[in-house]
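Structure, as structure tokens:
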Amino acid sequence: MKTIIEPFRIKSVEPIRFTTREERETLLDQAHLNTFLLRSEDVLIDLLTDSGTGAMSARQWSAMLRGDESYAGSPSFERFEAAVRNLANFKHIIPTHQGRAAEAILFSILGGEGKKIPNNTHFDTTRGNVENTGAEAVDLVVAEGLDPNDLSDFKGNIDLVRLEQFMRDNAADVPCVMTTITNNAGGGQPVSLANIRATAEIAHRYDKPFIIDGCRFAENAYFIKQREAGQQDRSITDIVRDTFACADGMTMSAKKDGLVNIGGWLALNDDDLALKARSRLIMTEGFPTYGGLAGRDLEAIAQGLTEVVDEDYLRYRVRTNEYIIERLDRLGVPVVKPAGGHAVFIDARAWLPHVAPLQYPGQTVACALYVAGGIRTTEIGTVMFGRQPDGTERPAPMDLVRLAIPRRTYTQSHADYIVEVFEELAREVDQMRGLTIVEEPPTMRHFTAKFARL
Ligand code: F0G
């Protein structure tokens, strides 16, 4: 059969609320033109994030009842730890309430004034946690990764030549080398196994730990299976194991490929680092066998990790993005190609050439999508990354709008509706005007900034 259907049937449903265009105009104004400030009940299709927004399976819900809520030594922790080790066999598995807590703990130990951390592209919370310690977050993604029209297979790869050069010049200040799979801030593009291995080799040659931000490890493994020579006959699980076998540790938001609504972990092989991380964990998250989570959350993650490596699920998930991208491409809407794992990215800078980067074309499109169709998305561009640590502002490398697809939540007709909303926007695009920021916090401004129309 040609149609790749949703590989599940629906047991429990949640209604969504319809609003009129006029209502949405008022609601968006009340939210100061910031989609993060909208109420979710006023959103028809919520593509703000794929993080913690997915549907859990019947097996996950039933596993939650097994949750043992003991403060210490709970069997729920043992099941969680075993499920993580089955895929990522690190010596120390330290649960956290979500990914950024793992980052905060890691960089409280490895960061600090004068330190430099290379990555393909730091996600905004990673960058925030690095910079918060006074360290510098350095992005070294391959040039193809910054060209929305480049059809290369692994646009999330680290530029190995630049990494080598960077290490030669800065090794003394580098506490670890990172890579983010998939490269969220660069369009959800995958990193090849060959690139992961070569990055690890460079890190280890300079005697530095190699840490993977593994948020979307299963989606990355699916792309490796599809696209990397010699990987076609291997299971997703084997590819995932090979991926993490290269690393000395990982940070993880289980809200993505853990298939849960909350949770994360920090994993490390080094005993001394792990000792420091657990001391920090006890101060900020909780005892090392629950780390900011309930026992039932640990159970849901353990089960989720067995489901996310299912190839039928991954095929359907990636195909949904491809389907939307193919149709938007035909409409003439510039999209980041090829399709990434967790989201469809619109190249707003190319679609709105009359709106300068410092007038936020991405935010402008995000507002238009909400008004026209009740679709909530987020800008990944100059609003998110344009403000520099010294307080100045400059255009981000790209101005994208992300349509993040929650896992197992929406169906084919939702995808068709999204495309129809773009059909309408394509007729208005020339009239869209940019925005200005009227109020912003000192860091991570995209969450709370207030905008006005120009
Ligand atoms: N790393 C990456 C690559 C991420 O995409 C995220 C979260 C994090 C770390 C932090 O994890 O949210 O559990 O603290 N990304 C979400 C998003 C928020 O919408 O892309 P967290």
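In what follows, every heavy atom counts, from backbone to side chain, and hydrogens, waters and symmetry copies are set aside. This is a predicted model, so every value here is computed, not measured. One is the number of the first residue; the rest follow in order along the sequence. In each ligand, atom 1 is the first atom listed, and ligand 1 is the first ligand listed.
- Listed by chain and number, the residues in a salt bridge (charged side-chain N to carboxylate O under 4.0 Å, His left out) with R319 are E322, E326 (sequence neighbours excluded).
- Counting heavy atoms from C-beta outward, P148 and P334 have side chains that stay 4.5 Å or more apart.
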Atom pairs and distances, ligand 1 N/O vs protein N/O under 3.5 Å:
{"from": "ligand 1", "atom 1": "1 (N)", "to": "D213", "atom 2": "OD2", "distance (Å)": "2.6"}
{"from": "ligand 1", "atom 1": "5 (O)", "to": "N184", "atom 2": "ND2", "distance (Å)": "2.8"}
{"from": "ligand 1", "atom 1": "5 (O)", "to": "R216", "atom 2": "NH1", "distance (Å)": "2.9"}
{"from": "ligand 1", "atom 1": "5 (O)", "to": "R216", "atom 2": "NH2", "distance (Å)": "3.4"}
{"from": "ligand 1", "atom 1": "11 (O)", "to": "K256", "atom 2": "NZ", "distance (Å)": "3.2"}
{"from": "ligand 1", "atom 1": "12 (O)", "to": "Q98", "atom 2": "NE2", "distance (Å)": "3.3"}
{"from": "ligand 1", "atom 1": "12 (O)", "to": "R100", "atom 2": "NH2", "distance (Å)": "2.8"}
{"from": "ligand 1", "atom 1": "12 (O)", "to": "K256", "atom 2": "NZ", "distance (Å)": "3.3"}
{"from": "ligand 1", "atom 1": "13 (O)", "to": "G99", "atom 2": "N", "distance (Å)": "2.8"}
{"from": "ligand 1", "atom 1": "13 (O)", "to": "S253", "atom 2": "OG", "distance (Å)": "2.6"}
{"from": "ligand 1", "atom 1": "14 (O)", "to": "Q98", "atom 2": "NE2", "distance (Å)": "2.9"}
{"from": "ligand 1", "atom 1": "14 (O)", "to": "G99", "atom 2": "N", "distance (Å)": "3.3"}
{"from": "ligand 1", "atom 1": "14 (O)", "to": "R100", "atom 2": "N", "distance (Å)": "2.8"}
{"from": "ligand 1", "atom 1": "14 (O)", "to": "R100", "atom 2": "NE", "distance (Å)": "2.6"}
{"from": "ligand 1", "atom 1": "15 (N)", "to": "K256", "atom 2": "NZ", "distance (Å)": "2.9"}
{"from": "ligand 1", "atom 1": "19 (O)", "to": "T49", "atom 2": "OG1", "distance (Å)": "2.6"}
{"from": "ligand 1", "atom 1": "19 (O)", "to": "R402", "atom 2": "NH2", "distance (Å)": "2.6"}
{"from": "ligand 1", "atom 1": "20 (O)", "to": "N184", "atom 2": "ND2", "distance (Å)": "2.8"}
{"from": "ligand 1", "atom 1": "20 (O)", "to": "R216", "atom 2": "NH2", "distance (Å)": "3.4"}
{"from": "ligand 1", "atom 1": "20 (O)", "to": "R402", "atom 2": "NH1", "distance (Å)": "2.7"}
{"from": "ligand 1", "atom 1": "20 (O)", "to": "R402", "atom 2": "NH2", "distance (Å)": "3.4"}

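- We find that D238 and R241 are joined by a salt bridge, their nearest charged nitrogen and carboxylate oxygen being less than 4.0 Å apart.
- Below 30°, between 30° and 60°, or above 60°: for Y316 and F8 the angle between ring planes is above 60°, a perpendicular geometry.
- In this structure, E307 does not pair ionically with R407, as no charged nitrogen and carboxylate oxygen lie closer than 4.0 Å.
- Y290 has its ring centre no less than 6.0 Å from the ring centre of F77.
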